[in-house]
Amino acid sequence: GINAEYMGERRHGQDSVEVGAALIEMAHTCQHAGHHTEAAAIYTRSLAIMEKIYGTKHEVLASVLVDCANAHALLQQYSASVRFMNTALQILERSNAEAIRIDEVATKLARLHRDFGKWGQALRCWHNVLALREVTYGSNDHHTISAREEIVSLHREMENIEIKRVGKSP
């Protein structure tokens with residue numbers, strides 16, 4: 001009867017979770033072997049499975065989204081990578097995840113922008129990370145100081161680029 005149907009649905013859901021987890025492991029293996037295109041495709045498929053199980057806003061999706069973002073970054077696909085990372089960050093912020101998890105993803109997003117030479121975006125992200133760290137750790141904690149150092153470093157980098165672009169010597 002009803003109970004058997006419910007148990008069947010529950011088992012089916014559990015199978016889907018296990019398939020999603022197996023795909024993520026396979027994607028990790030592909031990525032470590034240098035097969036970035038395959039890894040990105042497998043992470044994306046795993047994400048689709050997890051979204052069917054949990055919905056599109058569940059906190060459990062954040063780590064798969066970060067994996068997708070990293071895989072696309074390795075393929076030099078900046079916009080896809082940023083889209084996945086932003087979505088992970090938004091999910092964590094909306095679900096009131098631990099500050100350390102939000103900080104981790106926000107930091108990865110800031111580094112992603114920097115790595116692709118999107119200085120303004122990186123700076124904006126680092127300012128967000130700094131604000132989060134000041135609240136979470138206090139203004140004199142090494143995490144907070146490190147965010148300030150990143151901001152200073154980005155400003156220097158941007159100045160150097162401007163100097164080269166304009167052709168002036170420092």
Side-chain angles (χ1 to χ4, degrees), residues 7-130 132-133 136-137 142-143 146-147 149-151 153-154 157-158 161:
M7 292 303 287
E9 283 178 26
R10 185 177 162 88
R11 182 70 218 147
H12 176 71
Q14 185 60 36
D15 288 346
S16 297
V17 170
E18 288 171 15
V19 168
L23 283 174
I24 290 168
E25 282 181 35
M26 185 189 300
H28 283 312
T29 303
C30 285
Q31 199 157 334
H32 289 296
H35 301 286
H36 303 305
T37 304
E38 294 81 356
I42 295 167
Y43 282 129
T44 305
R45 183 68 187 113
S46 176
L47 177 63
I49 291 170
M50 296 304 210
E51 284 176 337
K52 279 183 182 172
I53 298 166
Y54 296 104
T56 57
K57 295 177 179 16
H58 197 284
E59 191 178 335
V60 81
L61 296 177
S63 63
V64 184
L65 284 158
V66 169
D67 287 336
C68 286
N70 291 335
H72 284 276
L74 288 169
L75 293 170
Q76 299 298 304
Q77 295 172 347
Y78 171 74
S79 59
S81 184
V82 167
R83 190 175 63 250
F84 285 123
M85 199 69 78
N86 264 325
T87 304
L89 184 58
Q90 288 167 2
I91 287 172
L92 291 173
E93 288 171 343
R94 285 192 200 121
S95 66
N96 293 318
E98 293 176 357
I100 193 166
R101 288 195 63 210
I102 295 171
D103 176 86
E104 180 185 317
V105 175
T107 299
K108 286 178 179 180
L109 180 60
R111 288 184 177 143
L112 187 62
H113 286 303
R114 183 200 61 209
D115 291 347
F116 280 95
K118 307 295 184 184
W119 312 113
Q121 294 285 81
L123 206 50
R124 215 174 353 271
C125 287
W126 276 113
H127 279 288
N128 292 340
V129 168
L130 176 60
L132 176 67
R133 288 180 181 184
T136 306
Y137 303 110
H142 72 230
H143 294 92
S146 132
E149 288 168 351
E150 285 287 345
I151 290 169
S153 170
L154 264 173
E157 191 118 15
M158 290 166 77
I161 288 167

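Residues V82 and L109 form a side-chain contact, since some pair of their non-hydrogen atoms from C-beta on lies under 4.5 Å apart. When side chains are defined from C-beta on, R114 does not count as touching E157, because their heavy atoms never get closer than 4.5 Å.
Across every non-hydrogen atom of E38 and C30, the tightest pair is CB-SG, 4.2 Å. Scanning all heavy atoms of the two residues, the minimum distance from A39 to A71 falls at C-CB, 4.5 Å. Closest approach of L132 to A99, counting heavy atoms only: CD2-O, 4.1 Å. Here the closest heavy-atom approach between residue W126 and residue A110 is recorded as NE1-CB, 3.4 Å. Closest heavy-atom contact between L89 and I102: CD1-O, 3.7 Å. Between K57 and I91, the shortest heavy-atom distance links the atoms O-CG2, 3.5 Å.
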Between side-chain atoms of residues 42-50 and protein atoms elsewhere (two or more places apart, or another chain), which donor-acceptor pairs fall under 3.5 Å?
{"unit_1": "Y43", "atom_1": "OH", "unit_2": "H28", "atom_2": "ND1", "d": "2.7"}
{"unit_1": "Y43", "atom_1": "OH", "unit_2": "Q31", "atom_2": "OE1", "d": "3.4"}
{"unit_1": "T44", "atom_1": "OG1", "unit_2": "A40", "atom_2": "O", "d": "2.7"}
{"unit_1": "S46", "atom_1": "OG", "unit_2": "G20", "atom_2": "O", "d": "3.1"}

Query raised in the report: For D103 and T136, what are the C-alpha separation, side-chain angles and deciding distance, and is it a side chain to side chain contact (heavy atoms under 4.5 Å, CB included)?
Result: CA-CA 9 Å; D103 176 86; T136 306; over 6 Å; no

Practice prompt. Please assess H142 against Y137 for the test side chain to side chain contact (heavy atoms under 4.5 Å, CB included), listing each intermediate value before the final yes or no.
Written response: CA-CA 9 Å; H142 72 230; Y137 303 110; over 6 Å; no

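The OG atom of S81 sits 11.0 Å away from atom CG of L65, with the distance rounded to the nearest 0.5 Å. We find the CG-NE2 distance between L130 and H143 to be 13.5 Å, quoted to the nearest 0.5 Å. L154 CG to E149 CD: the interatomic distance, rounded to the nearest 0.5 Å, is 12.5 Å. Expressed to the nearest 0.5 Å, how far CE of M85 lies from CD of Q90 amounts to 13.0 Å. Atom-to-atom distance recorded for K118:NZ and D115:CG is 12.5 Å, nearest 0.5 angstrom. Going from atom CD1 of I151 over to atom CG of L123 covers 6.5 Å, rounded to the nearest 0.5 Å.
No side-chain donor-acceptor contact under 3.5 Å links R101 and S95.
Aromatic ring centroids of H113 and Y78 lie under 6.0 Å apart.
For Y54, the ring-ring contact (aromatic ring centres under 6.0 Å, His included) partners are H58, not counting sequence neighbours.
The 12-atom threshold is exceeded at CG of L75, counting heavy atoms of other residues, nucleotides or ligands nearer than 6.0 Å.
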